[in-house]
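Only one structure is covered here, and it is reproduced in the block below.
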Amino acid sequence: MRHDSCGSAREIHPPIFEVSMRRHALTYRSFGRPLEKLIMETTEVPRMGEGKLRVKMTCAPVNPSDLIPISGAYSHRIRLPAVAGYEGVGRVIDAPRKYAYLVGKRVLPLRGEGTWQTILDCDSALAVPVPDAISDAVAARAYINPLAALTMLETWPVKGKRVLLSGAGSNCADYLGAWAYHHGASEVVGIYRSESRVTRLEKMGIKPVSMQDTSQILYVARGTDLVFDALGGPIATNILQSMAPDSTFIAYGLLTGQAIRLDFKPLAHYRRFHLRDSLARVSAEAWQHKFLDIWRLLSQTDMPGYQRFPAQGWRQAIEMAFCPSGQKVLLDFADLA
């Protein structure tokens, strides 16, 4: 038993395996190109905060959503230095008495510290237990893209509607396309950049259209009810200006790094979606309930393959993540244990 600074006792659960008292973390201290700004730092593990779980990380994905903030795109809401990474899976090695049942269990340690590190502390109420039937590779990628896709489909119902996805090679577009059919969409079309994505799109029932085929993109846009756009830039601009009245364009990503610039007011309704904004209104109970739906959907979804890199090989992992025809990437922290 130990006492915190207020004098209250907290039961200490011994780690279920030997844990180094040093932590390795991919950290950035200024904004810029990820390969130039990220460094692997080793520090002492700090004292665990009240109400926190301590998690030893197993693996974490490398997504555009992890890399874009390092560039400074969201600098107004990031306090430096920062640890990179928004999602991943790990095993609980210490917990307050109320959450003692989680010690030794796998969780998603989300909405707190960056996940690209070997040991992190997270809010006990927000840590998401992982079902035994879900693999580490699936669990590690179960947050940003699945939750964003599910939230958008709940916010803008697709039943009986024609749906167009830009950036159709991305994970989030995968989920939007596959789950749109679960929600009753009549048709889903996907705009892709790399030919390597075509077979997978067709397998999911998504009609592929090349990013280079401007005339076909505009033709599809004119007959689309809902667009989920991950690109921004000229393609998104052309789609939005071609859409019919009472259709809806949802901007949820900026993979091109370019804003939408309109020559005239569009006829379609323009909406923006940021997962961060929707989470601000979600209680811990509702947060946990959402993942019950996500686990069910993921168990029915054929996820794309992935390539696992040791955490020491993070530079190669990021280079692969930037490659449009490359496999999805996971960082494995076992080599830093």
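The model shown is predicted, which means the values in this text are computed figures rather than measured ones.
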Check the angle between the aromatic planes of [X] and [Y] and answer parallel, tilted or perpendicular using the 30° and 60° thresholds.
X	Y	result
Tyr143	Trp287	perpendicular
Tyr28	Phe31	tilted
His76	Tyr74	perpendicular

Sidechain N-carboxylate O distance under 4.0 Å for [X], [Y]:
X	Y	result
Arg23	Glu44	no
Lys52	Glu113	no
Asp277	Arg272	no
Arg106	Asp136	yes

Indicate if [X] and [Y] have the same hydrophobic cluster label, given that clusters are the connected sets of ILVMFWY residues with side-chain heavy-atom separations under 4.5 angstrom.
X	Y	result
Val89	Leu330	no
Leu165	Ile217	no
Leu292	Leu150	no

Is it true that a side-chain atom of [X] and a backbone atom of [Y] form a donor plus acceptor pair closer than 3.5 Å?
X	Y	value
Ser186	Lys161	yes
Asp335	Ala311	yes
Gln316	Phe309	no
Ser71	Ile68	yes
Ser194	Arg197	no
Gln288	Ala127	yes

Any side-chain heavy atom of [X] within less than 4.5 Å of one from [Y]?
X	Y	answer
Val220	Lys207	no
Tyr252	Thr151	no
Val189	Thr224	no
Met152	Cys172	yes
Trp179	Tyr181	no
Asp246	His269	yes
Pro234	Ile260	no
Val227	Leu240	no

For the [atom1] atom of [X] and the [atom2] atom of [Y], what is their distance to the nearest 0.5 Å?
X	Y	atom1	atom2	value
Arg271	Ile250	CZ	CD1	9.0 Å
Ile206	Asp174	CD1	CG	6.5 Å
Leu164	Arg162	CG	CZ	11.5 Å
Ser170	Tyr175	OG	OH	10.0 Å
Met48	Leu53	CE	CG	7.0 Å
Asn63	Tyr86	CG	OH	11.0 Å

Passing candidate, salt bridge (Lys or Arg N to Asp or Glu O under 4.0 Å) with Arg54, options Asp94, Asp123, Asp121: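 Running salt bridge (Lys or Arg N to Asp or Glu O under 4.0 Å) over Asp94, Asp123, Asp121 with Arg54 returns exactly one hit, Asp121.
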Partner set under side-chain contact (heavy atoms from CB on, under 4.5 Å) for Pro208, not counting sequence neighbours: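 With neighbours one apart ignored, the set is Tyr192, Val198, Leu201, Glu202.
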Is [X] atom [atom1] crowded by more than 12 heavy atoms from other residues, nucleotides or ligands, each under 6.0 Å away?
X	atom1	value
Arg261	CZ	no
His289	NE2	no
Gln300	CD	yes

